[in-house]
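First the structure, in the form of structure tokens, and then the observations on it.
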Amino acid sequence: MSRTRVGVMISGRGSNLQALLDAAARPDYPAEIALVLSNVAGVQGLARAKAAGVPTAVVPHRDFADRESFEREVTARLEAAGCTLVAQAGFMRVVTPWFVAHWRDRLINIHPSLLPAFPGLHTHERALQAGVRLHGCTVHFVRDEVDQGPIIGQAAVPVLPGDHPDDLSARVLTAEHLLYPRCLTLVAAGRTRIEAERVIHDAGAAPDARLIVPGESA
Ligand code: GAR
């Protein structure tokens, strides 16, 4: 089986990266993590990649005059590693229309909310503030507008009485770690297509939105 070569872009802790590395360690997984690229040196995600024996690159955005020249270097590194698909996993830079166009329909992201609710930062605080009863995470194809784009999959978790943002963040993160490898599987295996800016899954392939109840296995 030839596996899709995936580049993972990170900026920090890399717990979602770890979920992808763990999934890709299985021989039947349709994606291989070919490069982990960080815009920040010394972050935990880079150590995770090294521990998994995956090549890493650090491309500090501050070294570049503008976003696009940074992204051209990122793209050169990804392509030199043979990546044909890119997964952003806690990559905390907004990308330009140039980058989105270059990687169109080959660039996915995970966001810690049930989009289109709560794009942007501080999603858990904002969900609590809004009083929603369900919160969660979304994996989507990246488009020019931040945290928008065709949705590949979502996972929902309950908001519980007395929740602090940290409680909600931890509950959502557990869901992220389940959702992201499943969505990457579908995209890497070519089991999704985009029609009218909506993702169509092959029969039986959809990672249905599910309620992940704390303490219950997925
Ligand atoms: C995750 O919760 C991810 O969804 C979020 O950052 C965290 C990274 O954690 N991403 C965004 O907010 C992007 N807009 P991780 O480094 O442990 O995977």
Side-chain angles (χ1 to χ4, degrees), residues 2-21 23-24 30-112 115 119-121 138-152 176 180-181 183-190 192-194 197 199:
S2 89
R3 306 210 290 164
T4 302
R5 290 177 72 81
V6 177
V8 182
M9 295 172 67
I10 62 166
S11 298
R13 176 179 58 183
S15 70
N16 277 289
L17 164 67
Q18 188 68 58
L20 299 180
L21 289 168
E32 172 184 355
I33 311 300
L35 182 69
V36 171
L37 186 146
S38 175
N39 65 314
V40 183
V43 294
Q44 190 184 356
L46 290 166
R48 294 178 191 270
K50 284 178 188 142
V54 169
T56 59
V58 177
V59 182
H61 58 274
R62 291 182 203 289
D63 290 357
F64 296 84
D66 53 42
R67 283 183 193 270
E68 192 177 310
S69 42
F70 161 68
E71 291 168 355
R72 284 183 184 273
E73 178 63 18
V74 166
T75 295
R77 301 289 191 101
L78 290 166
E79 290 180 345
C83 300
T84 57
L85 180 63
V86 177
Q88 297 183 331
F91 178 71
M92 302 309 277
R93 301 283 299 168
V94 171
V95 293
T96 68
W98 177 82
F99 193 74
V100 173
H102 187 91
W103 292 99
R104 184 155 179 109
D105 300 345
R106 300 183 300 145
L107 174 63
I108 66 176
N109 178 52
I110 188 160
H111 181 76
L115 292 172
L121 298 174
T138 303
V139 176
H140 64 97
F141 287 99
V142 175
R143 293 293 186 255
D144 289 350
E145 303 77 22
V146 175
D147 300 327
Q148 281 189 40
I151 291 171
I152 301 160
E176 292 184 45
Y180 210 176
C183 291
L184 181 62
T185 293
L186 299 180
V187 177
T192 61
R193 64 183 196 281
I194 302 172
E197 287 297 85
V199 175

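Keep in mind that this is a model prediction, so the values were computed, not measured.
- Under the side chain to side chain donor-acceptor pair (under 3.5 Å) criterion, the residue pairs touching residues 83-93 are His61-Arg93, with sequence neighbours excluded.
- Summarising the geometry of Ile151 relative to Leu115, their closest heavy-atom pair is CD1-O, 3.8 Å, with the distance given to 0.1 Å.
- The minimum heavy-atom distance linking Ala57 with Leu46 is given by the pair O-CD2, 4.1 Å.
- For Arg193, the side chain to side chain donor-acceptor pair (under 3.5 Å) partners two or more places apart in sequence, or in a different chain, are Glu195.
- Residues forming a salt bridge (Lys or Arg N to Asp or Glu O under 4.0 Å) with Glu73 (at least two apart in sequence, or on another chain): Arg77.
- Considering only residues two or more places apart in sequence or on other chains, Pro55 meets the side-chain contact (heavy atoms from CB on, under 4.5 Å) condition with Leu35.
- Sorted by first and then second residue, the pairs that involve residues 40-51 and meet side chain to side chain donor-acceptor pair (under 3.5 Å), not counting sequence neighbours, are Gln18-Arg48.
- Taking CG from Asn109 and CG from Asp147, the interatomic distance works out to 6.5 Å, rounded to the nearest 0.5 Å.
- Of the candidates Thr192, Val139, Thr138, Ile108, Val139 is the only one forming a side-chain contact (heavy atoms from CB on, under 4.5 Å) with Cys183.
- Shortest non-hydrogen contact noted between Ala87 and Tyr180 is CB-OH, 3.4 Å.
- Within the 4.5 Å cutoff, the side chain of Gln148 has no heavy atoms near those of the Pro119 side chain.
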Side-chain donor-acceptor distances from residues 94-104 under 3.5 Å, at least two apart:
unit_1, atom_1, unit_2, atom_2, d
Thr96, OG1, Glu71, OE1, 2.4
Thr96, OG1, Trp98, N, 3.2
Thr96, OG1, Phe99, N, 3.3
His102, NE2, Glu79, OE2, 2.6
Trp103, NE1, Thr75, OG1, 3.2

| query | Does the pair Val58 and Val43 meet the rule for a side chain to side chain contact (heavy atoms under 4.5 Å, CB included), with working shown? | reply | CA-CA 10 Å; Val58 177; Val43 294; over 6 Å; no
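- Remark: Arg106 engages no residue in a salt bridge (Lys or Arg N to Asp or Glu O under 4.0 Å) (not counting sequence neighbours).
- Of all heavy-atom pairs between Ile10 and Phe91, the closest is O-CD1, 3.6 Å.
- For the side-chain contact (heavy atoms from CB on, under 4.5 Å) test, no residue two or more places apart in sequence or in another chain qualifies with Ala76.
- Scanning all heavy atoms of the two residues, the minimum distance from Asn39 to Ser11 falls at OD1-OG, 2.7 Å.
- Asp105 meets the salt bridge (Lys or Arg N to Asp or Glu O under 4.0 Å) test with Arg143; sequence neighbours excluded.
- Closest approach of Val59 and Phe64 over heavy atoms only: CG1-CE1, 3.5 Å.
- Listed by chain and number, the residues in a side-chain contact (heavy atoms from CB on, under 4.5 Å) with Ala188 are Thr4, Pro30, Ala31, Leu85 (sequence neighbours excluded).
- Screening residues 4-20 for salt bridge (charged side-chain N to carboxylate O under 4.0 Å, His left out), with sequence neighbours left out, gives Arg5-Glu32.
- Qualifying salt bridge (Lys or Arg N to Asp or Glu O under 4.0 Å) partners for Arg72, counting only residues two or more places apart in sequence or in other chains: Glu68.
- Atom OG in Ser15 sits 10.0 Å away from atom CG in Leu20 (nearest 0.5 Å).
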